[in-house]
Amino acid sequence: MHGQHDGPPRDQRPRAITAQAEEFSRRLTAAGPSRLAAAAQATVDGLHAMIAELRPSGEEFRQAIDFLTEVGHYADARRQEWVLFADVLGVSSLIEDQNSPRPAGATPNTLAGPFYRSDVPEMALGANISRDLKGEPLAVDGRIAALDGSGIGGAVVEVWQANAEGLYENQEPDRQPEFNLRGRFRTDPQGRFHFLTVKPKGYTLPSDGPVGQLMSALGLGLERPAHIHFRVSADGFETLTTHIFDRSDPAIGRDAIFGVKPELMAEFRALPPNGGKRKYALDLNLVLCPRRQGDSGTSGRR
(Lines give C-alpha, C1' and ligand atoms only; values in the text may rest on other atoms or scores of the structure.)
Protein backbone atom coordinates (compact mmCIF):
# COMPACT_ATOMS: atom_id res chain seq x y z
CA MET A 1 0.00 0.00 0.00
CA HIS A 2 2.90 2.32 -0.68
CA GLY A 3 1.86 5.12 -3.01
CA GLN A 4 1.78 8.81 -3.66
CA HIS A 5 -1.20 9.49 -1.41
CA ASP A 6 0.13 9.25 2.13
CA GLY A 7 -2.93 10.54 3.98
CA PRO A 8 -3.41 13.94 5.63
CA PRO A 9 -0.53 15.59 7.49
CA ARG A 10 -0.38 14.64 11.16
CA ASP A 11 -1.47 18.10 12.36
CA GLN A 12 -4.62 17.88 10.21
CA ARG A 13 -5.81 14.58 11.68
CA PRO A 14 -8.33 14.60 14.52
CA ARG A 15 -6.85 13.86 17.91
CA ALA A 16 -6.82 10.13 18.66
CA ILE A 17 -9.64 8.96 20.91
CA THR A 18 -7.41 7.03 23.36
CA ALA A 19 -3.95 7.48 24.79
CA GLN A 20 -2.86 4.26 23.13
CA ALA A 21 -4.08 5.38 19.71
CA GLU A 22 -2.35 8.73 20.22
CA GLU A 23 0.96 7.05 21.04
CA PHE A 24 0.56 4.70 18.06
CA SER A 25 0.05 7.76 15.86
CA ARG A 26 3.15 9.43 17.31
CA ARG A 27 5.27 6.39 16.51
CA LEU A 28 3.88 6.21 12.97
CA THR A 29 4.63 9.88 12.40
CA ALA A 30 8.24 9.33 13.47
CA ALA A 31 8.55 6.48 10.96
CA GLY A 32 7.47 8.71 8.04
CA PRO A 33 4.30 8.96 5.91
CA SER A 34 3.07 6.19 3.59
CA ARG A 35 -0.19 4.65 2.38
CA LEU A 36 0.47 1.70 4.69
CA ALA A 37 0.90 4.03 7.67
CA ALA A 38 -2.30 5.90 6.78
CA ALA A 39 -4.20 2.60 6.60
CA ALA A 40 -2.76 1.44 9.91
CA GLN A 41 -3.67 4.74 11.58
CA ALA A 42 -7.24 4.68 10.24
CA THR A 43 -7.64 1.08 11.42
CA VAL A 44 -6.33 1.82 14.90
CA ASP A 45 -8.47 4.96 15.20
CA GLY A 46 -11.60 3.06 14.15
CA LEU A 47 -10.93 0.12 16.46
CA HIS A 48 -10.18 2.33 19.46
CA ALA A 49 -13.30 4.44 18.83
CA MET A 50 -15.43 1.28 18.73
CA ILE A 51 -13.83 -0.11 21.88
CA ALA A 52 -14.21 3.19 23.71
CA GLU A 53 -17.91 3.26 22.83
CA LEU A 54 -18.80 -0.41 23.42
CA ARG A 55 -16.39 -1.13 26.31
CA PRO A 56 -16.14 -4.89 25.61
CA SER A 57 -15.35 -7.26 28.44
CA GLY A 58 -12.30 -9.48 28.40
CA GLU A 59 -14.53 -12.43 27.50
CA GLU A 60 -16.07 -10.55 24.58
CA PHE A 61 -12.59 -9.66 23.35
CA ARG A 62 -11.59 -13.34 23.47
CA GLN A 63 -14.73 -14.24 21.53
CA ALA A 64 -13.78 -11.73 18.82
CA ILE A 65 -10.27 -13.21 18.61
CA ASP A 66 -11.74 -16.73 18.44
CA PHE A 67 -14.02 -15.65 15.59
CA LEU A 68 -11.15 -14.19 13.56
CA THR A 69 -9.07 -17.31 14.23
CA GLU A 70 -11.92 -19.51 13.04
CA VAL A 71 -12.30 -17.47 9.85
CA GLY A 72 -8.64 -18.19 9.15
CA HIS A 73 -9.16 -21.90 9.73
CA TYR A 74 -11.93 -21.93 7.10
CA ALA A 75 -9.79 -20.21 4.46
CA ASP A 76 -7.92 -22.54 2.12
CA ALA A 77 -7.30 -23.14 -1.60
CA ARG A 78 -10.95 -24.14 -2.16
CA ARG A 79 -12.72 -21.67 0.11
CA GLN A 80 -11.88 -18.09 1.09
CA GLU A 81 -13.80 -17.26 4.24
CA TRP A 82 -12.03 -13.90 4.51
CA VAL A 83 -13.39 -12.88 1.10
CA LEU A 84 -16.85 -14.04 2.19
CA PHE A 85 -16.49 -11.89 5.31
CA ALA A 86 -15.56 -8.86 3.19
CA ASP A 87 -18.47 -9.59 0.84
CA VAL A 88 -21.19 -9.71 3.51
CA LEU A 89 -19.89 -6.52 5.14
CA GLY A 90 -20.23 -4.71 1.80
CA VAL A 91 -16.48 -4.09 1.66
CA SER A 92 -15.87 -5.98 -1.60
CA SER A 93 -18.70 -4.15 -3.35
CA LEU A 94 -17.50 -0.76 -2.06
CA ILE A 95 -13.95 -1.36 -3.30
CA GLU A 96 -15.30 -2.43 -6.70
CA ASP A 97 -17.42 0.74 -6.91
CA GLN A 98 -14.45 2.93 -6.04
CA ASN A 99 -12.07 1.26 -8.48
CA SER A 100 -14.50 0.84 -11.40
CA PRO A 101 -16.58 4.03 -11.53
CA ARG A 102 -19.04 4.36 -14.39
CA PRO A 103 -20.54 7.61 -15.73
CA ALA A 104 -24.28 8.16 -16.03
CA GLY A 105 -25.75 6.01 -18.76
CA ALA A 106 -23.11 3.28 -18.53
CA THR A 107 -23.83 -0.15 -17.09
CA PRO A 108 -22.43 -0.45 -13.55
CA ASN A 109 -19.55 -2.81 -12.86
CA THR A 110 -19.91 -5.51 -10.19
CA LEU A 111 -17.82 -8.27 -8.67
CA ALA A 112 -17.21 -11.28 -10.91
CA GLY A 113 -17.48 -13.68 -7.98
CA PRO A 114 -15.65 -17.00 -7.57
CA PHE A 115 -17.24 -18.98 -10.43
CA TYR A 116 -15.92 -17.21 -13.53
CA ARG A 117 -13.91 -19.31 -16.03
CA SER A 118 -11.79 -17.78 -18.78
CA ASP A 119 -11.46 -20.98 -20.86
CA VAL A 120 -15.01 -21.23 -22.23
CA PRO A 121 -15.04 -21.83 -26.02
CA GLU A 122 -16.69 -19.35 -28.38
CA MET A 123 -20.18 -20.30 -29.57
CA ALA A 124 -22.34 -19.23 -32.49
CA LEU A 125 -25.00 -16.61 -31.85
CA GLY A 126 -28.25 -18.33 -30.92
CA ALA A 127 -26.55 -21.36 -29.35
CA ASN A 128 -27.88 -22.96 -26.20
CA ILE A 129 -25.48 -22.71 -23.25
CA SER A 130 -27.54 -25.23 -21.26
CA ARG A 131 -25.69 -28.43 -22.06
CA ASP A 132 -27.98 -30.65 -19.97
CA LEU A 133 -31.25 -28.82 -20.87
CA LYS A 134 -32.46 -29.03 -17.27
CA GLY A 135 -34.73 -26.15 -16.31
CA GLU A 136 -37.22 -23.73 -17.79
CA PRO A 137 -36.01 -22.35 -21.14
CA LEU A 138 -34.89 -18.72 -21.27
CA ALA A 139 -34.13 -16.77 -24.47
CA VAL A 140 -31.69 -13.88 -24.01
CA ASP A 141 -31.49 -11.03 -26.54
CA GLY A 142 -28.98 -8.29 -25.89
CA ARG A 143 -27.10 -5.38 -27.38
CA ILE A 144 -23.70 -3.93 -26.54
CA ALA A 145 -23.56 -0.17 -27.06
CA ALA A 146 -21.32 2.82 -26.49
CA LEU A 147 -22.36 5.83 -24.42
CA ASP A 148 -23.61 7.58 -27.57
CA GLY A 149 -25.96 4.66 -28.28
CA SER A 150 -24.06 3.21 -31.23
CA GLY A 151 -23.75 -0.57 -31.34
CA ILE A 152 -20.34 -2.15 -30.76
CA GLY A 153 -19.71 -4.89 -33.29
CA GLY A 154 -17.23 -7.65 -32.56
CA ALA A 155 -17.46 -7.30 -28.77
CA VAL A 156 -16.78 -10.49 -26.83
CA VAL A 157 -19.61 -11.37 -24.44
CA GLU A 158 -18.85 -13.99 -21.78
CA VAL A 159 -21.78 -15.43 -19.84
CA TRP A 160 -22.05 -17.68 -16.78
CA GLN A 161 -24.87 -18.50 -14.40
CA ALA A 162 -26.24 -20.92 -11.82
CA ASN A 163 -28.66 -23.63 -12.87
CA ALA A 164 -32.30 -24.11 -11.89
CA GLU A 165 -31.11 -25.39 -8.49
CA GLY A 166 -28.87 -22.40 -7.82
CA LEU A 167 -25.58 -24.23 -8.47
CA TYR A 168 -22.73 -23.46 -10.86
CA GLU A 169 -21.07 -26.06 -13.06
CA ASN A 170 -17.76 -25.87 -11.22
CA GLN A 171 -19.52 -26.41 -7.90
CA GLU A 172 -20.65 -29.87 -8.94
CA PRO A 173 -18.44 -31.10 -11.80
CA ASP A 174 -19.68 -34.68 -11.35
CA ARG A 175 -23.32 -33.69 -11.94
CA GLN A 176 -23.15 -30.97 -14.59
CA PRO A 177 -21.50 -31.20 -18.03
CA GLU A 178 -18.28 -29.29 -18.68
CA PHE A 179 -19.02 -25.60 -19.45
CA ASN A 180 -22.69 -26.02 -18.56
CA LEU A 181 -24.46 -22.65 -18.52
CA ARG A 182 -21.39 -20.84 -19.78
CA GLY A 183 -20.86 -19.22 -23.15
CA ARG A 184 -18.68 -16.87 -25.12
CA PHE A 185 -20.22 -14.94 -28.00
CA ARG A 186 -19.19 -12.21 -30.42
CA THR A 187 -21.65 -9.44 -31.26
CA ASP A 188 -22.82 -8.83 -34.83
CA PRO A 189 -21.97 -5.53 -36.62
CA GLN A 190 -24.88 -3.78 -34.86
CA GLY A 191 -23.67 -4.94 -31.42
CA ARG A 192 -26.41 -7.52 -30.97
CA PHE A 193 -26.12 -10.99 -29.46
CA HIS A 194 -28.57 -13.71 -28.48
CA PHE A 195 -28.47 -17.16 -26.93
CA LEU A 196 -30.62 -19.75 -25.22
CA THR A 197 -30.27 -20.91 -21.63
CA VAL A 198 -32.46 -21.84 -18.66
CA LYS A 199 -33.90 -19.57 -15.99
CA PRO A 200 -31.39 -19.35 -13.11
CA LYS A 201 -32.30 -19.71 -9.48
CA GLY A 202 -31.00 -17.61 -6.62
CA TYR A 203 -28.91 -19.25 -3.95
CA THR A 204 -27.53 -18.85 -0.46
CA LEU A 205 -23.88 -18.22 0.38
CA PRO A 206 -22.11 -20.81 2.58
CA SER A 207 -23.59 -20.73 6.07
CA ASP A 208 -21.64 -23.54 7.73
CA GLY A 209 -18.60 -21.43 8.68
CA PRO A 210 -17.98 -18.62 11.17
CA VAL A 211 -19.20 -15.89 8.79
CA GLY A 212 -22.50 -17.70 8.27
CA GLN A 213 -22.86 -18.17 12.01
CA LEU A 214 -22.20 -14.48 12.61
CA MET A 215 -24.80 -13.43 10.05
CA SER A 216 -27.32 -15.80 11.61
CA ALA A 217 -26.63 -14.33 15.06
CA LEU A 218 -27.19 -10.86 13.61
CA GLY A 219 -30.46 -11.93 12.00
CA LEU A 220 -29.12 -11.22 8.51
CA GLY A 221 -29.53 -13.51 5.51
CA LEU A 222 -27.03 -14.86 2.99
CA GLU A 223 -29.35 -14.90 -0.02
CA ARG A 224 -28.39 -13.88 -3.55
CA PRO A 225 -31.26 -13.15 -5.96
CA ALA A 226 -31.28 -14.97 -9.31
CA HIS A 227 -28.90 -13.44 -11.84
CA ILE A 228 -26.77 -13.97 -14.93
CA HIS A 229 -23.16 -12.80 -15.09
CA PHE A 230 -21.75 -10.94 -18.10
CA ARG A 231 -18.22 -9.93 -18.96
CA VAL A 232 -17.91 -7.77 -22.07
CA SER A 233 -14.68 -6.71 -23.74
CA ALA A 234 -14.17 -4.66 -26.90
CA ASP A 235 -11.29 -2.73 -28.45
CA GLY A 236 -11.19 0.85 -27.21
CA PHE A 237 -13.57 0.25 -24.28
CA GLU A 238 -13.24 -0.58 -20.61
CA THR A 239 -14.02 -4.21 -19.89
CA LEU A 240 -17.38 -4.55 -18.14
CA THR A 241 -18.09 -7.25 -15.58
CA THR A 242 -21.63 -7.19 -14.25
CA HIS A 243 -24.77 -9.09 -13.19
CA ILE A 244 -28.30 -8.86 -14.54
CA PHE A 245 -30.78 -9.67 -11.77
CA ASP A 246 -34.31 -11.03 -11.90
CA ARG A 247 -36.31 -8.11 -10.48
CA SER A 248 -39.10 -10.48 -9.35
CA ASP A 249 -36.83 -12.57 -7.14
CA PRO A 250 -37.97 -12.36 -3.49
CA ALA A 251 -34.40 -11.63 -2.37
CA ILE A 252 -33.87 -8.70 -4.77
CA GLY A 253 -33.79 -6.20 -1.88
CA ARG A 254 -31.39 -8.13 0.33
CA ASP A 255 -28.52 -9.35 -1.83
CA ALA A 256 -25.92 -10.63 0.64
CA ILE A 257 -22.98 -9.04 -1.24
CA PHE A 258 -24.69 -5.72 -2.12
CA GLY A 259 -24.43 -6.19 -5.89
CA VAL A 260 -27.95 -5.16 -6.91
CA LYS A 261 -28.34 -1.72 -8.50
CA PRO A 262 -31.47 -0.31 -10.18
CA GLU A 263 -29.77 -0.37 -13.60
CA LEU A 264 -29.06 -4.10 -13.23
CA MET A 265 -32.59 -5.29 -12.51
CA ALA A 266 -34.50 -6.73 -15.45
CA GLU A 267 -37.69 -8.64 -16.17
CA PHE A 268 -37.31 -12.33 -16.88
CA ARG A 269 -40.70 -12.26 -18.53
CA ALA A 270 -42.87 -15.32 -18.91
CA LEU A 271 -43.90 -16.27 -22.44
CA PRO A 272 -47.17 -17.99 -23.42
CA PRO A 273 -46.90 -21.73 -22.66
CA ASN A 274 -45.88 -23.89 -25.59
CA GLY A 275 -46.19 -27.63 -25.19
CA GLY A 276 -46.92 -27.31 -21.49
CA LYS A 277 -43.44 -26.04 -20.52
CA ARG A 278 -42.98 -22.53 -19.23
CA LYS A 279 -40.58 -20.34 -21.18
CA TYR A 280 -39.04 -16.99 -20.45
CA ALA A 281 -37.31 -14.14 -22.29
CA LEU A 282 -34.81 -11.51 -21.23
CA ASP A 283 -33.95 -8.36 -23.19
CA LEU A 284 -31.05 -6.19 -22.13
CA ASN A 285 -28.66 -3.44 -23.17
CA LEU A 286 -25.15 -3.23 -21.79
CA VAL A 287 -23.40 0.12 -22.23
CA LEU A 288 -19.61 0.35 -22.24
CA CYS A 289 -17.30 3.27 -21.42
CA PRO A 290 -14.43 4.34 -23.66
CA ARG A 291 -11.10 3.20 -22.33
CA ARG A 292 -9.26 5.85 -20.35
CA GLN A 293 -5.71 6.68 -21.33
CA GLY A 294 -3.30 4.29 -19.67
CA ASP A 295 -6.08 1.86 -18.69
CA SER A 296 -5.63 -1.80 -19.66
CA GLY A 297 -9.41 -2.24 -19.90
CA THR A 298 -9.49 -5.16 -17.46
CA SER A 299 -11.65 -3.79 -14.66
CA GLY A 300 -13.86 -6.19 -12.75
CA ARG A 301 -11.42 -9.09 -12.85
CA ARG A 302 -12.32 -10.60 -9.49
Side-chain angles (χ1 to χ4, degrees), residues 5 90-113 116-118 120 122-127 129 138-161 182-195 197 200 224-249 252-253 255 257-269 281-302:
H5 305 289
V91 172
S92 301
S93 179
L94 173 60
I95 290 175
E96 186 65 36
D97 287 347
Q98 290 180 336
N99 285 287
S100 301
R102 292 290 188 266
T107 302
N109 214 71
T110 63
L111 296 168
Y116 169 73
R117 290 182 60 176
S118 62
V120 179
E122 188 165 323
M123 306 172 73
L125 291 176
I129 67 172
L138 170 67
V140 178
D141 285 274
R143 182 172 180 266
I144 308 300
L147 283 170
D148 63 4
S150 59
I152 303 174
V156 175
V157 181
E158 299 172 78
V159 184
W160 67 104
Q161 65 170 84
R182 299 176 183 275
R184 180 190 297 263
F185 302 94
R186 197 171 295 271
T187 59
D188 69 14
Q190 289 74 46
R192 297 172 302 193
F193 66 95
H194 61 284
F195 62 90
T197 182
R224 297 224 66 207
H227 56 271
I228 300 177
H229 295 268
F230 293 87
R231 186 177 190 273
V232 185
S233 52
D235 290 342
F237 293 88
E238 292 185 10
T239 296
L240 170 70
T241 303
T242 197
H243 301 48
I244 296 298
F245 293 90
D246 181 356
R247 69 166 68 251
S248 67
D249 191 291
I252 196 68
D255 178 25
I257 72 168
F258 304 91
V260 176
K261 296 176 172 63
E263 305 95 323
L264 302 180
M265 294 189 293
E267 181 183 4
F268 289 50
R269 69 181 190 280
L282 170 64
D283 301 308
L284 65 144
N285 290 297
L286 302 176
V287 181
L288 306 188
C289 297
R291 186 173 301 169
R292 291 166 290 187
Q293 188 173 4
D295 181 21
S296 64
T298 55
S299 62
R301 288 170 290 187
R302 282 193 55 206

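Starting from 1, each residue takes its place in the sequence as its number.
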Exercise for the section: For Trp160 and Arg231, run side-chain contact (heavy atoms from CB on, under 4.5 Å): C-alpha distance rounded to whole Å, both residues' side-chain angles, the deciding distance at 0.1 Å, then the answer. Expected result: CA-CA 9 Å; Trp160 67 104; Arg231 186 177 190 273; 3.8 Å; yes
Rounded to the nearest 0.5 Å, how far apart are [atom1] of [X] and [atom2] of [Y]?
{"X": "Glu263", "Y": "Phe245", "atom1": "CD", "atom2": "CZ", "result": "11.5 Å"}
{"X": "Leu240", "Y": "Ile144", "atom1": "CG", "atom2": "CD1", "result": "7.5 Å"}
{"X": "Arg102", "Y": "Asp97", "atom1": "CZ", "atom2": "CG", "result": "10.5 Å"}
{"X": "Arg291", "Y": "Thr239", "atom1": "CZ", "atom2": "OG1", "result": "6.0 Å"}
{"X": "Arg192", "Y": "Ile152", "atom1": "CZ", "atom2": "CD1", "result": "14.5 Å"}
{"X": "His194", "Y": "Leu282", "atom1": "NE2", "atom2": "CG", "result": "14.0 Å"}

Practice task
Before giving the answer on side-chain contact (heavy atoms from CB on, under 4.5 Å), spell out for Ile129 and Gln161 the whole-Å C-alpha distance, their side-chain angles and the decisive distance to 0.1 Å.
Solution key: CA-CA 10 Å; Ile129 67 172; Gln161 65 170 84; 4.1 Å; yes
What is the minimum heavy-atom distance between [X] and [Y], and which atoms define it?
{"X": "Leu264", "Y": "Pro108", "answer": "CD2-CD, 3.8 Å"}
{"X": "Ala234", "Y": "Leu288", "answer": "CB-CD1, 4.2 Å"}
{"X": "Arg247", "Y": "Met265", "answer": "NH2-O, 3.0 Å"}
{"X": "Glu96", "Y": "Thr110", "answer": "CG-C, 3.9 Å"}
{"X": "Val287", "Y": "Ala146", "answer": "CG1-O, 3.6 Å"}
{"X": "Arg117", "Y": "Arg182", "answer": "N-NH1, 3.5 Å"}

Practice task
Please say whether more than 12 non-hydrogen atoms of neighbouring residues, nucleotides or ligands are located less than 6.0 Å from CG in Asp235.
Solution key: no
Completion exercise
Which of Asp246, Leu138, Asp249, Ile244 passes side chain to side chain contact (heavy atoms under 4.5 Å, CB included) with Pro200? It is Leu138
Exercise for the section: Show the numbers, then the answer: is there a side-chain contact (heavy atoms from CB on, under 4.5 Å) between Phe185 and Val140? Expected result: CA-CA 12 Å; Phe185 302 94; Val140 178; over 6 Å; no
Practice task
On the 0 to 90° scale, with breaks at 30° and 60°, tag the His229-His227 ring pair as parallel, tilted or perpendicular.
Solution key: perpendicular
Exercise for the section: Would you please name every residue forming a ring pair (Phe, Tyr, Trp, His ring centres under 6.0 Å) with Phe230, sequence neighbours left out? Expected result: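 If we apply the ring pair (Phe, Tyr, Trp, His ring centres under 6.0 Å) test to Phe230, skipping adjacent residues, there are no hits.
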Practice task
Please determine if Glu158 and Arg184 form a salt bridge, counting it only when a charged side-chain N lies under 4.0 Å from a carboxylate O.
Solution key: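 Counted as a salt bridge, because a side-chain N and a carboxylate O are separated by less than 4.0 Å.
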Any non-hydrogen side-chain atom of [X] less than 4.5 Å from a side-chain atom of [Y]?
{"X": "Gln190", "Y": "Arg143", "value": "no"}
{"X": "Asp283", "Y": "Arg269", "value": "yes"}
{"X": "Ser92", "Y": "Ile257", "value": "no"}

Practice task
Answer yes or no: is there a donor N or O on one side and an acceptor on the other, between the side chain of Thr187 and the main chain of Ala155, under 3.5 Å?
Solution key: yes
Exercise for the section: Report yes or no: does Ser93 contribute a side-chain atom to a donor-acceptor pair with the main-chain N or O of Phe258 at less than 3.5 Å? Expected result: yes
